[in-house]
2 protein chains.
Amino acid sequence: MSDLEALSLKLEARGYRVTPPRRAVIAAVLQQAGHFTVDDLLHRCRGAGRATVFRTIRLLTELGVVCRVLLDDGSLHYRLSQRPQHHHHLVCTGCGKVQDLDDCAVSDLVRELSGSSGYEIEGHWLEFYGHCAACRSEVLVGVPA
Amino acid sequence: MSDLEALSLKLEARGYRVTPPRRAVIAAVLQQAGHFTVDDLLHRCRGAGRATVFRTIRLLTELGVVCRVLLDDGSLHYRLSQRPQHHHHLVCTGCGKVQDLDDCAVSDLVRELSGSSGYEIEGHWLEFYGHCAACRSEVLVGVPA
DNA sequence: ATCTCAGTGAGACAAGGTATCAGGTAGTCC
DNA sequence: GGACTACCTGATACCTTGTCTCACTGAGAT
């Protein structure tokens, strides 16, 4: 079963129709390698209007199929989610590659903070930025010591 | 020396002029209790145009006087920075109160992640959301068991 | 056949922010 | 003082990201 079919079934299971425009958006999302914007999708999928792309992305986000990636500069991008549950990202600012961090690294921190601050902590944002191994070696080749 | 004067000197030391509109924006920022938007400032300081308020906020952000606070929903607000160096926030989603977290709690995590991922990690976002002690007790009073 | 309703595209709208541009002003050099 | 320059200004146009509205379509139920 292709990813497209799997996602279509998932939508249908939740009572959503799998229409041609939705199918086009999902196909476009599946083609994206790293993080992307709605604008990227719009250029790539001619079969759906702007509003529909936004609506479908929102839908996919709610289903956990797509997650939001917060970039260095504060802008929000989207990404095909490898894990539906809560997770964080490690974003390469060189090539845009995104790596999921499988376990939530700050759950201990949250517990500790709850005790010390008096807050009941209900959520958090955590994203890391850097250069991946490939981009680092490229830089080293480009600028020899 | 007032905060306004101190910030004026800081601007001058960097070679920026302290003009009446900039002074008005800084005064408005100093009046804000928690986090605020540029729109909040615009309503509060009549002495400066929209573009100037945006420009001044960007300037203050670069100087570390104001820091950006990422809210739960992904929107960016601003806040008078208590610490010019890198830090994180604990935001009360009830009353909007913001608490600075003094030491960067993820520096250990960054080191660990650098080793395991091959990335050279250069930055990160970390914000916590929850309800502060005051808001929690209010809820308890409002909704008795 | 018709009714209903989720889904649609076009386009208006909104928030938040940047770019442009003509004009103002402070400081400097003569 | 006068000219020059660089910085700063407000108004306004514009961009980006996203939502809302509205008339329309098409699939499924009756």
Side-chain angles (χ1 to χ4, degrees), chain A residues 7-29 32 35-63 65-79 96 125, chain B residues 7-29 32 35-63 65-79 96 125:
Chain A
L7 288 182
S8 300
L9 287 178
K10 194 166 181 175
L11 277 180
E12 276 173 354
R14 305 287 186 105
Y16 296 106
R17 292 193 199 148
V18 181
T19 60
R22 282 188 176 161
R23 196 173 274 272
V25 173
I26 295 173
V29 166
Q32 303 289 328
H35 52 87
F36 54 84
T37 61
V38 171
D39 206 52
D40 294 333
L41 293 184
L42 270 169
H43 287 124
R44 200 166 293 248
C45 80
R46 283 291 137 103
R50 217 173 79 92
T52 299
V53 174
F54 272 105
R55 279 189 284 243
T56 307
I57 279 296
R58 190 171 42 178
L59 183 60
L60 293 177
T61 306
E62 281 160 15
L63 292 181
V65 172
V66 158
C67 57
R68 300 191 303 172
V69 179
L70 178 70
L71 294 198
D72 224 0
D73 59 0
S75 69
L76 271 178
H77 283 214
Y78 299 91
R79 170 163 203 264
W125 260 114
Chain B
L7 287 182
S8 301
L9 288 176
K10 192 166 182 175
L11 276 180
E12 277 173 355
R14 304 284 186 109
Y16 297 106
R17 292 193 198 147
V18 180
T19 59
R22 282 188 177 162
R23 197 175 274 272
V25 173
I26 296 173
V29 167
Q32 303 289 328
H35 53 88
F36 54 85
T37 61
V38 171
D39 207 52
D40 293 333
L41 293 185
L42 270 169
H43 286 123
R44 198 168 294 248
C45 81
R46 282 290 135 104
R50 214 172 83 95
T52 299
V53 174
F54 272 106
R55 278 189 284 244
T56 306
I57 280 296
R58 189 171 41 176
L59 183 60
L60 293 176
T61 307
E62 280 162 15
L63 292 180
V65 172
V66 159
C67 56
R68 301 190 300 172
V69 179
L70 178 70
L71 295 197
D72 225 359
D73 58 1
S75 69
L76 272 179
H77 283 214
Y78 299 92
R79 170 162 204 265
W125 262 113

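Computed from a predicted model, the values in this text were never measured in an experiment. Per chain, numbering begins at 1; letters A, B, ... match sequence-line order. Both backbone and side-chain heavy atoms feed into the values below; hydrogens, waters and symmetry mates do not.
The line from CG of Leu60(A) to SG of Cys67(A) is 11.5 Å long, rounded to the nearest 0.5 Å. A distance of 9.5 Å separates OG1 in Thr56(B) from CG in Leu41(B), rounded to the nearest 0.5 Å. The distance from the CG atom of Leu59(A) to the CG atom of Leu11(A) is 5.5 Å, given to the nearest 0.5 Å. Here the CZ atom belonging to Arg68(A) is positioned 6.5 Å from the OH atom belonging to Tyr78(A), to the nearest 0.5 angstrom. Between the CG atom in Leu70(A) and the CG atom in Leu76(B) there is a gap of 7.5 Å [rounded to 0.5 Å].
Of the listed nucleotides (dG7(C), dT18(C), dT9(D)), dT18(C) has the atom at the smallest distance from the side chain of Arg58(B). Residue Arg55(A) places its side chain closer to dT8(C) than to any other of dG17(C), dT8(C), dT17(D). Residue Asp39(B) places its side chain closer to dG16(C) than to any other of dG18(D), dG16(C), dT8(C). Taking only side-chain atoms of Thr19(A), from C-beta outward, the nucleotide of dT9(D), dG7(C), dG17(C) with the closest atom is dG7(C).
Checked by atom type, the side-chain pair Asp73(B)/Ser75(B) shows a donor-acceptor distance below 3.5 Å.
Note: CZ (Arg50(B)) to C1' (dT18(C)) measures 9 Å, nearest angstrom. As rounded to whole Å, 14 Å separates atom P of dT9(D) from atom CG of Leu42(B). Rounded to an integer number of Å, the gap from CZ of Phe54(B) to P of dT20(C) is 17 Å. Counting to the nearest Å, the P atom of dC8(D) and the CD1 atom of Ile26(B) are 12 Å from each other. Taking atom CZ on Arg46(B) and atom P on dA11(D), their separation rounds to 11 Å, with Å as the unit. Following rounding to the nearest Å, Leu11(A) (CG) and dA6(C) (C1') show an atom-to-atom distance of 13 Å. Here the P atom of nucleotide dG18(D) and the CG atom of Leu76(A) are 7 Å apart, to the nearest Å. The interatomic distance linking Glu12(A) (CD) with dA27(D) (P) rounds to 14 Å, in whole Å.
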With the criterion being N/O to N/O and under 3.5 Å, what pairs connect the protein with nucleotides 3-7 of chain D, and how long is each?
unit_1, atom_1, unit_2, atom_2, d
dC7(D), O4', Arg17(B), NH2, 3.4
dC7(D), O2, Arg17(B), NH1, 3.3

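For residues 67-75 of chain A, proximity to DNA chain C is found at no residue, defined as any non-hydrogen atom under 4.0 angstrom from a strand atom.
Residues His77(B) and Ala51(B) each lie close to DNA chain C; by heavy-atom proximity, the contact nearer the 5' end of the strand is made by His77(B).
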Could you go through Ile57(A) and Val29(A), starting from their C-alpha distance and side-chain angles, then the distance that decides it, and tell me whether this counts as side chain to side chain contact (heavy atoms under 4.5 Å, CB included)? CA-CA 9 Å; Ile57(A) 279 296; Val29(A) 166; 4.0 Å; yes

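The nearest pair of heavy atoms linking Ser8(B) to Val18(B) is O-CG2, 3.4 Å.
Pairs engaging residues 9-25 of chain B under the side-chain hydrogen bond (donor to acceptor under 3.5 Å, both in side chains) rule: none recorded [sequence neighbours left out].
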